[in-house]
Amino acid sequence: VSTQRTWVFFAMCDLGCAYMAYGILKYFTTEASAKKAISLFILFNPIVVNVSTRGNSDMVITFLSLLVMICYYEKRYIESALWLGFAAHFKMYPIIYAAPLVFGLLQ
C-alpha cells in the first residue's frame, strides 16, 4: 500500500478521534471550551502525531473504541458490540471494555 495513502488514512483516524471525543463529551460536560480543548489536545499531541506518521495503527483502535462508546451512549448496543468485536480483531486490548459495558447494561 502506498505510504501517502496510509498517512492519509491515519490522519483521517486522528481527525475522527478528535470528532468522536467531542461527541462523547456532550454526555459529560456542557462547556464548549472543555470539548474543544480535549479535541485540540488529541489533534496536536506530539506523541499522537509521531505515532501516526510512523504508520502505527493505535489511532485506528482508538477511533474504533470511541465509536463503541458513542454507540453505547446512544443506546445502540448491538452496533456497539459489533464495533467492539471489530476493534478486538485489530488488537486485543479493546476487549477490556466489554465488562464495563455489560455491567452498565445490567444497571
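Index from 1, following the sequence. Keep in mind that the numbers below use all heavy atoms, side chains included, and drop hydrogens, waters and symmetry copies. None of these values were measured; they are calculated from a predicted model.
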*How far apart are the closest heavy atoms of Ile42 and Cys17, and which atoms are they?*
CD1-O, 4.1 Å

_For residues Tyr19 and Val60: do they belong to one hydrophobic cluster (side chain heavy atoms under 4.5 Å, members Ile, Leu, Val, Met, Phe, Trp, Tyr)?_
no

*Could you tell me whether the side chain of Ser65 and the main chain of Ile61 form a donor-acceptor pair under 3.5 Å?*
yes

*Under a single-linkage definition using a 4.5 Å side-chain heavy-atom cutoff for Ile, Leu, Val, Met, Phe, Trp and Tyr, are Met12 and Val48 assigned to the same hydrophobic cluster?*
no

*Roughly how far, to the nearest 0.5 Å, is the CE atom of Met69 from the OG atom of Ser80?*
7.5 Å

_Show the nearest heavy-atom pair for residues Met59 and Cys13, with the distance to one decimal._
O-CB, 4.1 Å

*Decide yes or no on side chain to side chain contact (heavy atoms under 4.5 Å, CB included) for Arg76 and Ile70, but give the supporting numbers first.*
CA-CA 9 Å; Arg76 297 181 301 177; Ile70 282 184; 4.3 Å; yes

*Which other residues end up in the same hydrophobic cluster as Leu82, if Ile, Leu, Val, Met, Phe, Trp and Tyr are linked when side-chain heavy atoms come under 4.5 Å apart?*
Ile78

*asked:* For residues Leu84 and Tyr77: do they belong to one hydrophobic cluster (side chain heavy atoms under 4.5 Å, members Ile, Leu, Val, Met, Phe, Trp, Tyr)?
replied: yes

*asked:* Once side chain to side chain contact (heavy atoms under 4.5 Å, CB included) is applied, do any residues pair with Leu40, and if so which ones, sequence neighbours excluded?
replied: Phe44

*Exercise: identify the closest heavy-atom pair between Leu66 and Ala21*: CD1-N, 4.3 Å

_List the residues meeting salt bridge (Lys or Arg N to Asp or Glu O under 4.0 Å) with Lys91, not counting sequence neighbours, and say none if there are none._
Asp58

_Sequence-distant partners of Tyr22, side chain to side chain contact (heavy atoms under 4.5 Å, CB included), two or more places apart_ = Lys35, Lys36, Ser39

*Is there a side-chain contact between Tyr97 and Val68, using heavy atoms and a 4.5 Å cut-off?*
no

*Is atom CZ of Phe41 surrounded by more than 12 heavy atoms (other residues, nucleotides or ligands) closer than 6.0 Å?*
no

*Phe10: what forms a ring pair (Phe, Tyr, Trp, His ring centres under 6.0 Å) with it, not counting sequence neighbours?*
none

_Give me the atom names and distance for the closest heavy-atom approach of Ile95 to Ala88._
CD1-CB, 4.3 Å

_Which residues pass the ring pair (Phe, Tyr, Trp, His ring centres under 6.0 Å) test with Tyr73, not counting sequence neighbours?_
Tyr27, Phe28

*Does Leu15 belong to the same Ile/Leu/Val/Met/Phe/Trp/Tyr cluster as Ile38, with side-chain heavy atoms less than 4.5 Å apart forming each link?*
no

*Does Leu101 offer a backbone N or O that forms a donor-acceptor pair with the side chain of Tyr72 under 3.5 Å?*
yes

*Are Phe9 and Leu64 connected in a single hydrophobic cluster, I mean Ile/Leu/Val/Met/Phe/Trp/Tyr linked by side-chain heavy atoms less than 4.5 Å apart?*
yes

*Is any side-chain heavy atom of Leu25 closer than 4.5 Å to a side-chain heavy atom of Glu31?*
no

*Between Phe86 and Phe90, is the ring centre distance below 6.0 Å?*
yes

